[in-house]
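Shown next, in structure tokens, is the structure this report addresses.
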Amino acid sequence: MRLLLSTLLLALGAGAGTAAQAQNCGSGGGTTVCLVANGAAGQVQLNWTISGAVNGLEVYRSATANASDRSRIASLAKTATSYSDASASTGTPYWYWVRFMTPVGSYNSGPATASSGGNCAPTALTPNINVNGIWTQTASASVSAGDAAILGPQPVSGGMWSWNGCGTAGGAREQTVRPTAACTATATYTNACGAKSLQQFSIGIAGPMRNITSMQMSKEMSPGWNIGNTLDATPTETSWGQPLINQALMNGIKSAGFKSIRLPVTWTPHVDANDNIDPVWMARVTQVVKYARNAGLYVVMNLHHEGGWLDDTTYAAQPANNARLTKLWTQIANNFKDYDDYLLFAAMNEVGKQNTVWGAPKDPEWLSVQNGYNQVFVNAVRATGGNNAKRHLVAQAYETNIDISYASAVLPADTIANRLFFEIHYYDPYDFTINGNSTMWQWGATATNPTETWADEPYVDAEFQKMKTRFVDQGVPVLMGEYGAYLKPAYPGMAPYRKAWAQYVTRSAWLHGLVPMWWDTGEMIDRVTGAVKTPDEISTIVNATK
């Protein structure tokens, strides 16, 4: 399912040199195409970018925003990145799509809209929506099914209005709609000299929020899977060697037996100087969340990495960091406020004082600031209202460390009971699981020549028992948001021990009430097709939670 970037102002008209429109992206088959349409004298100029492989391209046009009304106007070489539509009628807004063929199927860019023209400049429109008696300058809002929203674009005089979509009708500037399903209303404004401007309003319907506690929800989420090194990569989604996330991957994760995904997202590289999130990036993250929900997966979405500013866990940095955390989560929460409770928000990722030794004693100041981040996160999300007033949220331990969590974690206060998870990560023993330079390749009771024995099976059980006692037994479920062990090519005999580790750790976590979520970067499930690449390892993880 593709998100329309309908919250952006789409200024159309008859003037040459119309301002560039925002990119409208669509993905599929491991490829993303982003389209821009610009009106000019006697034509509409289309330009697009392609990320991935395509076999062919086609351009489609429609006189409405409805894709079912469109028709093909050009077939182009796969290397093309532009097209000029000289057949467009002057002053009439058109919608355009680029259809791209990949080795696995055909897909569409997002729609872009513009009109050709002469010397009459279009009028800039300002969107406004009234919900519950409050006017807000916005082009998107969420209401309960059947409730009213008043659409009131400006200017208030000087031209003519026409509408379609969401049950709108007639030429009144203000339109009251009572949608029972998500919809898009389109207002067209014709100014005194005949130039047309267009504004789209996106009205979402709040999805159902079940009367279910976080503890009850946790029973439905095991096992879980991380889509790592992708939306958390910088500067782009593919920078760390992973392909674009697609629907086939989500379907494959679900078919393999996983019930939830953790979606690490790094936001800071995609903000402006005032921490406003790039709408194109927000649309891409939204698209990926929809892929997961289409597949029937729970989604745990977080702030991941963020360039280290959260790791300045000092009282001096705390006010600025709290303000920045609030602004980011307010934007994210507002974007997803109408999503149902299969989407969870997680505050942060592995935050700890920078330039300190992992596992060394912690200054109480650092712990206090990191605990405070959890409270700031909860406050910011709850303040956005809608479904976020009841959404299940995930607080995180300092460094996601079990021992620190057991001793010093402070759960944030909440405005609703039983809607909080707590998150830890587990990679013990480090030299076996993720230290690629280590010579340790055996683990556990079956090891014949172990180099370390401190993190064996009894240790695993003892660590997870701490979480059970401290949180699960008190009604707070625990996500083991990351865990994993990875093969060392220099030690081909490691595979049975890695399997033993995966089986025991997954099983122990599940038996102690934790939700295990394996960290993956494409080793076990093909990131393009969703096919299982290592069925023995996958079945080991999945079966350990039965």
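Using a 4.5 Å cut-off on side-chain heavy atoms (C-beta onward), Ile227 and Leu249 make contact. In this structure, His305 and Thr234 have side chains that are not in contact, with every pair of non-hydrogen atoms separated by 4.5 Å or more. With contacts defined as side-chain heavy-atom distances shorter than 4.5 Å, the pair Thr384/Phe336 does not qualify. Using a 4.5 Å heavy-atom cutoff, the side chains of Tyr298 and Leu343 are not in contact. Residues Arg391 and Asp340 fail the side-chain proximity criterion, which asks for heavy atoms closer than 4.5 Å.
Side-chain contact, Gln45 with Ser84: a donor N or O sits under 3.5 Å from an acceptor N or O. A donor-acceptor contact under 3.5 angstrom links the side chains of Thr286 and Asn335, judged on distance only. Side chain to side chain, Thr64 and Asn66 fail the donor-acceptor criterion of an N or O pair below 3.5 Å. Side-chain contact annotation: Asn374 with Gln396, donor-acceptor N/O pair under 3.5 Å absent. A donor atom on one side chain and an acceptor atom on the other are found under 3.5 Å apart for Thr268 and Glu306. A side-chain N or O of Thr123 and one of Asn191 form a donor-acceptor pair less than 3.5 Å apart. Inspection of the Ser109 and Arg99 side chains reveals no N or O donor paired with an N or O acceptor under 3.5 Å. One side chain, Arg210 or Tyr342, offers a donor N or O that lies under 3.5 Å from an acceptor on the other. With no hydrogens or angles considered, no side-chain donor-acceptor pair links Ser82 and Trp48 at under 3.5 Å.
Residues Arg324 and Asp275 are paired through a salt bridge, judged by an N-O separation under 4.0 Å between the basic side chain and the carboxylate. The pair Asp520-Arg527 counts as a salt bridge, with a side-chain nitrogen and a carboxylate oxygen less than 4.0 angstrom apart. Under the 4.0 Å criterion applied to side-chain N and carboxylate O atoms, Arg61 and Asp85 are assigned as salt-bridge partners.
Taking the six-membered ring for Trp and thresholds of 30 and 60 degrees, Phe345 and Trp329 have ring planes inclined between 30 and 60 degrees apart. His392 and Phe421 have perpendicular rings, their planes meeting at more than 60° on a 0 to 90° scale where under 30° would count as parallel.
Each ring-ring contact (aromatic ring centres under 6.0 Å, His included) pair with one or both residues in residues 175-198, not counting sequence neighbours, appears once here: Trp161-Tyr189.
Phe258 has its ring centre less than 6.0 Å from the ring centre of Trp225. Ring to ring, His425 and Trp518 are not that close: their centroids are 6.0 angstrom or more apart.
Heavy-atom contacts from other residues, nucleotides or ligands closer than 6.0 Å to NZ of Lys533 number more than 12.
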